[in-house]
Amino acid sequence: MTEYNKTPEEEEKMIEDAFNELLQGYINSNHRKKIEIIKRAYAFAKEAHKGIRRRSGEPYILHPIAVARIASQEIGLGSTSICAALLHDVVEDTDYTVEDIERNFGPKIAQLVDGLTKISGGIFGEKASAQAENFRKLLLTMSEDIRVVLIKMADRLHNMRTLGSMALAKQYKIAGETLYIYAPLAHRLGLFAIKTELEDLAFKYEHPQEYANIVEQIKETQAKRDEVYTDFAQPIIEGLDKMGLKYEAKARMKSVYSIWNKMMKKHIPFKEVYDLYAMRIVFECEEDTDKENKVCFDIYNMITSIYPPHQTRTRDWLKQPKANGYRALHVTVMGKDGNWVEIQIRSRRMDEIAEKGFAAHWKYKIGEGEEESELNAWLQTIQDILKDPNPNAIDFLDTLKLNLFSSEIVVFTPKGETMTLPAGATVLDYAFELHSELGAHCIAGKVNHKLVPLSQQLSSGDQVEVLTSQMQQPKQEWLSFLVTARAKTALRQALNQVQKPIIAKGRELYLKFLDDNTINETNEIFTKLLGNYKAVNRDDFYYKIGSEDITLDDYTLKLIKKQNDSFLARMFRMGKNKQQDEEDKKPQTERPNINTKETYVLHRDESGANFKIADCCSPIPGDQVLGFINDDNEVEVHSIDCPRAMALKSSYGPRIVSTRWDVQTGSFLARIHIEGIDRFGILQELIFMISSHLSIDIRKLDIEADKEVFHCDLWINVADSSIATDLCTKVKTIKGVQTVSRIN
């Protein structure tokens, strides 16, 4: 990194030159000229960031100017996005608020800045749940206004271009994040040029030596490659001239990252990567899809009359574009040197869409064309995923990777129409894609006229027919082989409809059982029943009763009696002391409104707690938590990775409040599950370590040995999660203990 050393005058000139380049590029674009508001946004951002510097030493304002320039000139966005890019860090890094932005620049620019502020933390946190939630925020803002994510791409690209000023550990983290999330997302948005540069820059910082070696070898072979390309291209160029086309033909070099990827996958050295370049032909044509397609095939016929084509490597994305809107005709032919060369044939419009992605669609928008509907179809996929709050954060990320970033397959309906699905999609995914009713009643499929099961994975080119029966009912086990978010969401909705009356019946039977046996239910009783009957939640428990998988009998009574007789149950049942009972009799005062813009401090004192612990996840101090303001104006505290919290964050954004635990919050009940190989004395050793050596207050202990193994559930009083974590670590050292984990 070179040392930064500029005078204030030189700095000012550098800033003004950078802004003038941005402005000139915008003036030269096809957008309506709204120069005045861009100048105001620049002046506002410059004043807000006054005196702030980047890690490189440069004035901070150069970063938003560069982001705005990328958004304008490399992605093709207009004045609204340029203003949002100039202002994108103002709310996060200065004292200005979104309201200030709206007051000065209107609601649309403020909305974009707000969206960019919400997703500014990056994709990865320390826990998988944080990844999932940050990514959920990214997708939510994307589905509301895709320009938020396009500007975020510009921001990430500039950060990657200036990554050299960061510490090495930071470089590695940001490069890995870029390669894992941002580059695939750029690809899916159709931002091919940005995707390629992000991959190369990430590769450069993750593998600097390999990057330098490949760059050096590309330079060394440049002259020879130019000579080979000229010989190959000459007869094609002559053919294009005879056709009377206005065109541009050039060699498109494989990216450094793509070359390295091929070397790794094929286990070959650089000199054996023969397809280092592709030829690209971009022709001028009226903006008419049929005419563009005809010219593409005319060029194809001319090329294949000169060079023999590869029979299985022609790619027609004209009538069936990729999900990101990409349209082109690719043909791979054999050159005179015996090597295969790919030729990409595109119109000027196709080329702009290929390089700039969905942003370029708006330039050509007349009503809603093919590309626009492709964009809407893709955004609908995002909406489908967000409607389905997956109970497992890792599964959620996997669903996103599969639905948004995977390779695609194209299958045919019995009538010959095409449908694009993620790779790995099954017959049942296809059925749900056609219609949720077809999916719910699907019994089998026919692939290429052959009968196959619902779980059969499809391949590109398959012709698929769905077989249905009104007797068929949706099944829970189908979730295990469904791939698309739309199918999973539709199946869960169908299951809910089928299960509702059974759940209602089960609830009625359960309440009658309690009433007949004069039992007052507590959370502890219900938790005990859920665990013993292996039910996931309350509805699952009722469903099992209603469908007669569970019979409420003497065994159930024994479980309840055992729970009621335990010290812990008595403690909870007695609950409040006389003083608290008196407090309960007093008239309740109205709770004050909670400010969701401030961090809510969770504390407990003599008068009680200012929060309510959610039953679904039972977090304790030290856990990452969030608050949800319920209908009683109480802050309900959920673990950040709680499935219920996932749903709340998606559906009730304004009622979510940031929280932190007070230093002194009291003691909480934590449950530890231990499994291991049974041996004489292990229980005594376990209890001695916990109560004596670790000085932890045991409230309940359930242990059961079955032949050579034992299972133990331990309830302890702790002040925070670090004590439970330390306990798990210590218990693992006991001979015979295999697994120790805290259960929420």
Side-chain angles (χ1 to χ4, degrees), residues 391-392 519 521-538 540-541 544 550 555-575 613-623 639 641-644 667-744:
N392 184 298
I519 296 168
E521 186 200 68
T522 65
N523 285 337
E524 290 65 48
I525 288 173
F526 200 80
T527 302
K528 182 79 174 177
L529 295 176
L530 286 187
N532 276 272
Y533 288 115
K534 295 182 171 53
V536 178
N537 52 36
R538 193 172 282 271
D540 187 34
F541 180 61
K544 288 185 175 186
I550 292 175
Y555 174 71
T556 315
L557 282 174
K558 278 183 184 177
L559 289 174
I560 294 172
K561 187 176 185 302
K562 185 178 178 183
Q563 183 65 31
N564 278 337
D565 286 344
S566 73
F567 174 81
L568 184 64
R570 286 199 306 276
M571 183 178 72
F572 276 111
R573 188 170 63 248
M574 291 169 65
I613 295 290
D615 293 337
C616 46
C617 52
S618 304
I620 62 177
D623 290 342
S639 181
D641 53 358
C642 166
R644 172 70 179 148
S667 65
F668 291 78
L669 202 65
R671 179 183 171 191
I672 308 295
H673 182 70
I674 306 165
E675 292 181 4
I677 309 300
D678 193 20
R679 63 176 171 80
F680 181 75
I682 194 168
L683 176 59
Q684 291 90 326
E685 193 175 333
L686 186 63
I687 293 173
F688 180 78
M689 172 182 273
I690 296 167
S691 58
S692 302
H693 181 63
L694 298 176
S695 302
I696 289 175
D697 182 15
I698 301 175
R699 308 312 298 164
K700 182 186 176 187
L701 181 67
D702 277 352
I703 190 163
E704 181 182 356
D706 182 14
K707 296 180 181 175
E708 292 82 18
V709 300
F710 76 89
H711 304 270
C712 173
D713 280 309
L714 176 73
W715 283 262
I716 56 175
N717 267 342
V718 294
D720 61 60
S721 60
S722 64
I723 298 171
T725 303
D726 184 52
L727 168 65
C728 291
T729 305
K730 295 282 199 318
V731 169
K732 278 180 186 173
T733 63
I734 295 175
K735 183 183 176 184
V737 171
Q738 299 293 306
T739 60
V740 188
S741 59
R742 180 175 148 228
I743 295 176
N744 289 358

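For the single chain, residues carry numbers from 1 onward in sequence order. Because the structure is a prediction, the values reported are computed rather than measured. The figures here come from the full heavy-atom set of this structure, side chains too, leaving out hydrogens, waters and symmetry mates.
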Mind checking the [atom1]-[atom2] spacing from [X] to [Y]? Nearest 0.5 Å is all I need.
| X | Y | atom1 | atom2 | answer |
| --- | --- | --- | --- | --- |
| Leu683 | Leu701 | CG | CG | 6.0 Å |
| Asp702 | His711 | CG | NE2 | 13.0 Å |
| Asp697 | Arg699 | CG | CZ | 4.5 Å |
| Thr733 | Met689 | OG1 | CE | 4.0 Å |
| Leu686 | Cys712 | CG | SG | 5.5 Å |
| Ser741 | Arg671 | OG | CZ | 9.5 Å |

Problem - Intermediate values then yes/no, side chain to side chain contact (heavy atoms under 4.5 Å, CB included), Ile519 and Leu557 - result: CA-CA 9 Å; Ile519 296 168; Leu557 282 174; 3.7 Å; yes
What are the two closest non-hydrogen atoms of [X] and [Y], and how far apart are they?
| X | Y | answer |
| --- | --- | --- |
| Ser618 | Ile613 | CA-CG2, 3.7 Å |
| Phe710 | Ile703 | CD1-CD1, 4.1 Å |
| Ala724 | Ile672 | CB-CD1, 4.1 Å |
| Phe668 | Pro619 | CD2-O, 4.4 Å |
| Asn717 | Leu669 | OD1-CD1, 3.6 Å |

Problem - Ile682 and Phe680: CA distance, side-chain angles, deciding distance, side chain to side chain contact (heavy atoms under 4.5 Å, CB included) verdict - result: CA-CA 6 Å; Ile682 194 168; Phe680 181 75; over 6 Å; no
Exercise for the section: Could you list the residues that satisfy salt bridge (charged side-chain N to carboxylate O under 4.0 Å, His left out) with Glu675, not counting sequence neighbours? Expected result: none
Exercise for the section: Kindly write out the residues that satisfy side-chain contact (heavy atoms from CB on, under 4.5 Å) with Ser721, not counting sequence neighbours, or none if the list is empty. Expected result: Ile620, Asp623, Arg742
Problem - Contacts of Ile677 that satisfy side-chain contact (heavy atoms from CB on, under 4.5 Å) - sequence neighbours left out - result: Val709, Gln738
Exercise for the section: In sequence, state the C-alpha distance, the side-chain angles, and the governing distance for Ile698 and Leu714, and then conclude on side chain to side chain contact (heavy atoms under 4.5 Å, CB included). Expected result: CA-CA 7 Å; Ile698 301 175; Leu714 176 73; 3.7 Å; yes
Handout entry: Check ion pair Glu708-Arg679 (N to O, under 4.0 angstrom)
Key =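 Salt bridge absent between Glu708 and Arg679.
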